[in-house]
Amino acid sequence: QVQLVESGGGLVQPGGSLRLSCAASARTFSSYTTGWFRQAPGKEREFVAAIGWEGGSTYYADFVKGRFTISRDNAKITVYLQMNSLTPEDTAVYYCAADLFGNRPMQHSAYDYWGQGTQVTVSS
């Protein structure tokens with residue numbers, strides 16, 4: 001019912017910034033909790049950030065340490081992840097996901113819809 005498309009990934013040097021976008025296919029997306037997850041080779045998929053419906057609540061992984069900001073623009077049915085002060089450890093495929101109920105925003109198993117991912121590479 002909801003199709004998600006990530007964009008904005010690419011190659012950036014350490015200390016640089018990227019803004020990822022997650023565009024949804026339906027206006028009902030504004031009522032979904034949306035999360036960002038990432039997965040690096042050989043590692044488990046891990047939670048990065050999430051935002052509740054209408055942007056009422058936000059959640060962040062500890063490793064973000066104030067570097068990342070999640071936001072949403074319901075008029076554009078899009079969720080953003082602003083990433084600053086990037087390090088090589090941030091290199092991964094980043095996925096956005098949507099959950100209708102939003103009761104477990106930091107758990108990937110709670111999400112129903114997933115995008116295909118966008119590659120973020122932090123390197124000199």
Side-chain angles (χ1 to χ4, degrees):
Q1 292 183 336
V2 178
Q3 184 174 358
L4 307 175
V5 179
E6 303 96 334
S7 62
L11 176 64
V12 64
Q13 63 183 6
S17 299
L18 285 173
R19 188 179 74 162
L20 306 184
S21 298
C22 178
S25 62
R27 290 290 179 180
T28 53
F29 180 63
S30 62
S31 65
Y32 286 66
T33 292
T34 302
W36 285 96
F37 296 80
R38 71 186 189 186
Q39 187 166 22
K43 296 184 178 180
E44 297 290 325
R45 186 170 299 187
E46 63 180 349
F47 169 78
V48 177
I51 188 167
W53 68 283
E54 297 184 342
S57 301
T58 57
Y59 311 85
Y60 295 98
D62 290 339
F63 63 76
V64 170
K65 299 183 184 300
R67 299 181 298 131
F68 295 1
T69 302
I70 188 170
S71 62
R72 71 191 313 156
D73 184 342
N74 288 332
K76 298 181 179 180
I77 50 175
T78 300
V79 170
Y80 304 96
L81 182 67
Q82 178 67 46
M83 306 187 296
N84 300 324
S85 302
L86 288 163
T87 73
E89 289 70 38
D90 295 315
T91 296
V93 176
Y94 284 70
Y95 301 88
C96 68
D99 172 32
L100 177 60
F101 299 102
N103 58 323
R104 296 180 291 153
M106 295 183 286
Q107 300 178 21
H108 70 267
S109 62
Y111 289 81
D112 301 306
Y113 304 99
W114 292 83
Q116 294 300 305
T118 185
Q119 177 71 47
V120 172
T121 302
V122 185
S123 176
S124 298

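Keep in mind the model is a prediction, meaning the values are calculated, not measured. The chain is numbered in sequence order, starting from 1.
- For the pair Arg72 (side chain) and Thr33 (backbone), a donor-acceptor distance under 3.5 Å is absent.
- Under the 4.5 Å side-chain criterion, counting only non-hydrogen atoms from C-beta, Ser17 is not in contact with Val12.
- Checking side-chain atoms of Glu6 against main-chain N and O of Gln116 turns up a donor-acceptor pair under 3.5 Å.
- Within the model, atoms CZ of Phe68 and CG of Leu86 stand 5.0 Å from one another, a figure rounded to the nearest 0.5 Å.
- Judged purely by atom type and a 3.5 angstrom limit, Gln82 has no side-chain atom pairing as donor or acceptor with the backbone of Thr69.
- One N or O on the side chain of Thr91 and one on the backbone of Val122 form a donor-acceptor pair closer than 3.5 Å.
- Note on Ile51: it clusters hydrophobically with Leu4, by side-chain heavy-atom contacts below 4.5 Å among ILVMFWY residues.
- The two residues Val2 and Ala24 have their closest heavy-atom pair at CG1-CB, 4.3 Å.
- Distance alone, capped at 3.5 Å, is enough to place a donor-acceptor pair between the Tyr111 side chain and the Pro105 backbone.
- Placement of Val64 and Tyr94 within a single hydrophobic cluster is found when ILVMFWY residues are connected by side-chain heavy-atom separations under 4.5 Å, directly or transitively.
- Arg38 and Asp90 are joined by a salt bridge, as a carboxylate oxygen and a charged side-chain nitrogen come within less than 4.0 angstrom of each other.
- Of all heavy-atom pairs spanning Thr78 and Ser21, the tightest one is CG2-CB, 4.1 Å.
- Closest heavy-atom contact between Ala49 and Leu81: CB-CD1, 4.1 Å.
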Original post:
Should Ser7 and Thr118 be marked as a side chain to side chain contact (heavy atoms under 4.5 Å, CB included) after you check the CA-CA gap, both sets of side-chain angles, and the distance that decides it?
Top reply: CA-CA 6 Å; Ser7 62; Thr118 185; 5.7 Å; no
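- The nearest pair of heavy atoms linking Pro14 to Ser124 is CD-OG, 3.6 Å.
- Between Tyr60 and Ile70 the shortest heavy-atom distance is OH-N, 2.9 Å.
- Annotation: Gln119, atom CD; neighbour count of heavy atoms from other residues, nucleotides and ligands within 6.0 Å is above 12.
- Here the rule is side-chain contact (heavy atoms from CB on, under 4.5 Å) with Leu20, and of Tyr80, Tyr95, Trp36 only Trp36 fits it.
- Closest approach of Arg45 and His108 over heavy atoms only: O-ND1, 4.5 Å.
- The shortest distance between side-chain heavy atoms of Glu89 and Phe63 does not fall below 4.5 Å.
- Looking only at side-chain heavy atoms (C-beta outward), Met83 and Val120 come within less than 4.5 Å of each other.
- Put simply, Val48 and Tyr113 are part of the same group of oily side chains (I, L, V, M, F, W, Y) that touch within less than 4.5 Å, one to the next.
- Phe37 and Trp114 have tilted rings, their planes meeting at an angle from 30° to 60° on a 0 to 90° scale.
- Atom-to-atom distance recorded for Thr34:OG1 and Ile77:CD1 is 11.0 Å, nearest 0.5 angstrom.
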